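Here is the structure we will look at, set down as structure tokens.
As a basis for the values below, the full set of heavy atoms in this structure was taken, side chains included, without hydrogen atoms, waters or symmetry mates. Owing to the predicted nature of the structure, the values given are computational and were not obtained by experimental measurement.
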Amino acid sequence: MSPLLTLRSRFRVLRRLALFGSAIFFTVAACLLMLDVFKSDGLTGFELTIVILFTINFLWIALSFSTSIAGLFLRALDLDPISLKRYRDLPLVEKLNSKTVVVVPVYNENPHNVFARIRSVYESLKSLGHESAFDFFILSDTRDPDIWIQEELGWGEMRRTLKGAKIFYRRREKNLEKKSGNLMEFCENWGGSYDFMIVFDADSVMSGAAMVRMVELMEANDNVGLIQSPPQPAGQVTLFARILQFISSVHGPTMTAGLAFWQLGSGNYWGHNAILRMQAFIECCGLPVLPGKPPLGGPIMSHDFVEAALLRRAGWKVWMVPALTGSWEELPPTVPDYAARDRRWCQGNLQHIRVVFGTKLRLLSRLHLFMGVMAYVSSPLWFALLFTSTLTAWEEAQRQHSFFTGAPALFPSWPIDRAGDMLTLLTFTLGMLIVPKFLSVFLLMARARTARLYGGRLRLLLSALGELVFSALLAPVMMLLHSLFVVTALLGKSVGWEVQNRDASGLSWRQSLRAHYKHVLIGLVWGTLAYVLNPGFFWWMTPVIAGLVLSPFLTHWSSLADFGKRVKNLGLFLTPEEVDTPKELARAATLSALPEPDRSQGLLKILTDPQASALHAALIPEVAPSERIAIEVGLLYEKLFRLGPETLSQKEKILLLSYPVKPLDQVLGRHGAPHSSS
């Protein structure tokens, strides 16, 4: 299982020449074919625009296709993409010689679920006998006072339950520069005590074996600054999330194997479920603040790509290691939640436009940054391509063919029907998108034991077909959403970095219509115009029109957890994590299912429970309030005990909790028992 993280330069160059060369070859071939189609009747301005837009977008399709084909060969032959040798499942080392910290940045997350995941990871490490080599830090940037209290109480309970566990908690008073600032503040204050740092998100779960293997690889390779595991989405129950979990499980390993094949030591960082060398991270990864205001200026939001580029600039290797299985994350449960996350990522990735030409960055690092930009800019380019195609179809419908041009000729100039060539080009393009997915499916179907983890061969194939239809209908919606995100960001409209919704409560019909009514109107108007202007072109556009018009139905039904469970009971969109659940995921789910404390009663708990009050006092800075602040706090106590805690605003609760809570006997003697209407 442990790959060799060293290669000779000539093999590295040959790999990249083969992969990028094939992508360029496919792109040139497609571009020439489209030019040939349009040149038959003379190339108009609209048609030239289509060729340019198509070529730009096709290059990214071709690069993805070449990466997938490389990954398929590696998976079929069971070869490690780095060493090109067969995987060997080596035993874990008995003793680690380093100290690693697992950091979990949180921001207004559900503490009950976060601590359930942390506890399952710790117990997995303990079952291997390696828990002493790892410390855990919960790094809170939480602004909600009720969640803040629940974090403290949940952490205290976990420490009492896991006796001897080195799990620490810290909440920042000011969450400057979001997650990247949170991590850098931790590194500046505590980083010197650790050799390595494993970064989690609030929804991350990893097996103890994967974490030990990560540390083992870092210990054996002094020139490596970062190792990224490929986290597998798991744990969500809505149909939308289950479809994405399914295709990620089926085709994701193909893509990560292909990426590792050509990225090698110039890989990328996905921001979580990765291990970093602490010394390298501290020395290299101080992020610049971009000049100007957000969205394109200010602190860098998508910090992970930039941190990987800075590590490579300093000479450290950055590896993607597909062999590191046992790494999981959660997906947003609905289409709007998925789009909201993409909007934040879009703004962060667009900032990379100003970083990609940074001083002394490696060529592949620039490519990673540019690919991050293109992940979202490609959507307005596709929209422009489709819109221009509509204008071209109208132009074609208005054009009167001239059989006699006036030049000497024995025969009339007959019109040339190139519909067959256009169909060939469309088939070629769709094939490069679809074929790698189905080859991944067939690879799993060829292995009966693996296919059973997806419900068997027939259900696996039916699930793949269902995912294809779902993705085709969703694609035009995401194209319009991403186009809107890009345009609004370029126009200067910034979005905040709010907490991700992980609640699978579903969306009503009204919510779905509110989210998509504009898409329905665009689809109806676009479809009507296409039919009126050129009926033949309308049938080419039906997949796009259908996706837009059906978007509220797609979002509503795919957001329902009950519907997702019914589909699961039919054996569709199953993943190995559902059929043979890893113990870490099962343990986290069991702990999350336990009764959750009433978050609204947290402040009363601090006021009435001496142990909770003492815990809170121990976790906040020992700073004496100024005279003005002391008066404000005193007035808040008056309000609290006369009107009850539910009358306090979030800002007032935070001010009250920023200083040690007064002993209960002091306030009771003056006000009596605290009032509560709950």
May I ask you to decide whether Arg213 forms a salt bridge with Glu216, counting only side-chain N to carboxylate O separations under 4.0 Å?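 Yes, Arg213 and Glu216 are salt-bridged.
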Salt bridge check, Arg117 against Glu330: does any charged N sit closer than 4.0 Å to a carboxylate O?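 Yes, this pair counts.
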What's the shortest heavy-atom distance between [X] and [Y], and which atoms?
{"X": "Gln228", "Y": "Gly271", "answer": "OE1-N, 4.1 Å"}
{"X": "Met206", "Y": "Ala210", "answer": "CE-CB, 3.9 Å"}
{"X": "Leu572", "Y": "Arg459", "answer": "CD2-O, 4.1 Å"}
{"X": "Ala308", "Y": "Val318", "answer": "O-CG2, 4.0 Å"}
{"X": "His251", "Y": "Ser440", "answer": "ND1-OG, 3.0 Å"}
{"X": "Met184", "Y": "Cys285", "answer": "SD-O, 4.0 Å"}

Counting only N and O atoms by type, is there a donor-acceptor contact under 3.5 Å from the side chain of [X] to the main-chain atoms of [Y]?
{"X": "Asp201", "Y": "Asp203", "answer": "no"}
{"X": "His482", "Y": "Ser378", "answer": "no"}
{"X": "Glu307", "Y": "Phe281", "answer": "no"}
{"X": "Asp195", "Y": "Lys99", "answer": "yes"}
{"X": "Ser249", "Y": "Gln245", "answer": "no"}
{"X": "Arg277", "Y": "Val224", "answer": "yes"}
{"X": "Arg12", "Y": "Gln263", "answer": "no"}
{"X": "Thr256", "Y": "Pro253", "answer": "yes"}
{"X": "Arg457", "Y": "Ala451", "answer": "no"}
{"X": "Asn182", "Y": "Leu139", "answer": "yes"}

Over 60° means perpendicular and under 30° means parallel, so classify the ring planes of Tyr194 and Phe137, tilted if in between.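 Taking Tyr194 first and then Phe137, their aromatic rings stand perpendicular (interplane angle over 60°).
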side-chain contact (heavy atoms from CB on, under 4.5 Å), that's the test. Do Phe485 and Trp345 meet it? Break it down for me. CA-CA 10 Å; Phe485 300 161; Trp345 287 1; over 6 Å; no
Measure the spacing between [atom1] of [X] and [atom2] of [Y] and express it to the nearest 0.5 Å.
{"X": "Leu439", "Y": "Ser68", "atom1": "CG", "atom2": "OG", "answer": "9.5 Å"}
{"X": "Met278", "Y": "Phe196", "atom1": "CE", "atom2": "CZ", "answer": "10.5 Å"}
{"X": "Ile243", "Y": "Gln236", "atom1": "CD1", "atom2": "CD", "answer": "13.5 Å"}
{"X": "Leu311", "Y": "Ser266", "atom1": "CG", "atom2": "OG", "answer": "11.5 Å"}
{"X": "Thr100", "Y": "His130", "atom1": "OG1", "atom2": "NE2", "answer": "11.0 Å"}
{"X": "Gln351", "Y": "Met301", "atom1": "CD", "atom2": "CE", "answer": "7.0 Å"}

[X] vs [Y] side-chain heavy atoms within contact, under 4.5 Å:
{"X": "Pro322", "Y": "Tyr87", "value": "yes"}
{"X": "Phe573", "Y": "Glu578", "value": "no"}
{"X": "Ile227", "Y": "Leu324", "value": "yes"}
{"X": "Tyr269", "Y": "Val306", "value": "no"}
{"X": "Thr555", "Y": "Thr334", "value": "no"}
{"X": "Leu460", "Y": "Val250", "value": "yes"}
{"X": "Asp304", "Y": "Asn268", "value": "no"}
{"X": "Tyr454", "Y": "Ser463", "value": "no"}

For a side-chain contact (heavy atoms from CB on, under 4.5 Å) check, start with the C-alpha distance between Val121 and Ile118, then their side-chain angles and the critical distance, and finish with the verdict. CA-CA 5 Å; Val121 172; Ile118 294 173; 5.8 Å; no
Does the pair Arg313 and Ser365 meet the rule for a side-chain contact (heavy atoms from CB on, under 4.5 Å), with working shown? CA-CA 9 Å; Arg313 185 175 71 175; Ser365 296; over 6 Å; no
Trace of the side-chain contact (heavy atoms from CB on, under 4.5 Å) decision for Leu19 with Ile69: CA-CA 9 Å; Leu19 194 133; Ile69 296 302; over 6 Å; no
Determine, step by step, whether Ser229 and Asn273 satisfy the side-chain hydrogen bond (donor to acceptor under 3.5 Å, both in side chains) criterion, reporting the C-alpha distance in whole Å, the side-chain angles of both residues, the deciding distance to 0.1 Å, and the verdict. CA-CA 6 Å; Ser229 74; Asn273 292 47; 4.7 Å; no
Name of the residue among Lys317, Met320, Arg15 meeting side chain to side chain contact (heavy atoms under 4.5 Å, CB included) with Leu264: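 In the set Lys317, Met320, Arg15, the residue that makes a side chain to side chain contact (heavy atoms under 4.5 Å, CB included) with Leu264 is Arg15.
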Tell me if the CZ atom of Phe470 is crowded by more than 12 foreign heavy atoms within 6.0 Å.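 More than 12 heavy atoms, drawn from other residues, nucleotides or ligands, come within 6.0 Å of this atom.
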Do other residues, nucleotides or ligands put more than 12 heavy atoms under 6.0 Å from the CZ atom of Phe20?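 Yes, enclosed.
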Would Glu584 and Ser124 count as having a side-chain donor-acceptor pair, cut-off 3.5 Å?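 A pair is found: one side chain offers a donor N or O, the other an acceptor, under 3.5 Å apart.
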Checking ring-ring contact (aromatic ring centres under 6.0 Å, His included) between Phe370 and each of Trp60, Phe305, Phe357, which is the one that passes?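 Output: one option passes, namely Trp60.
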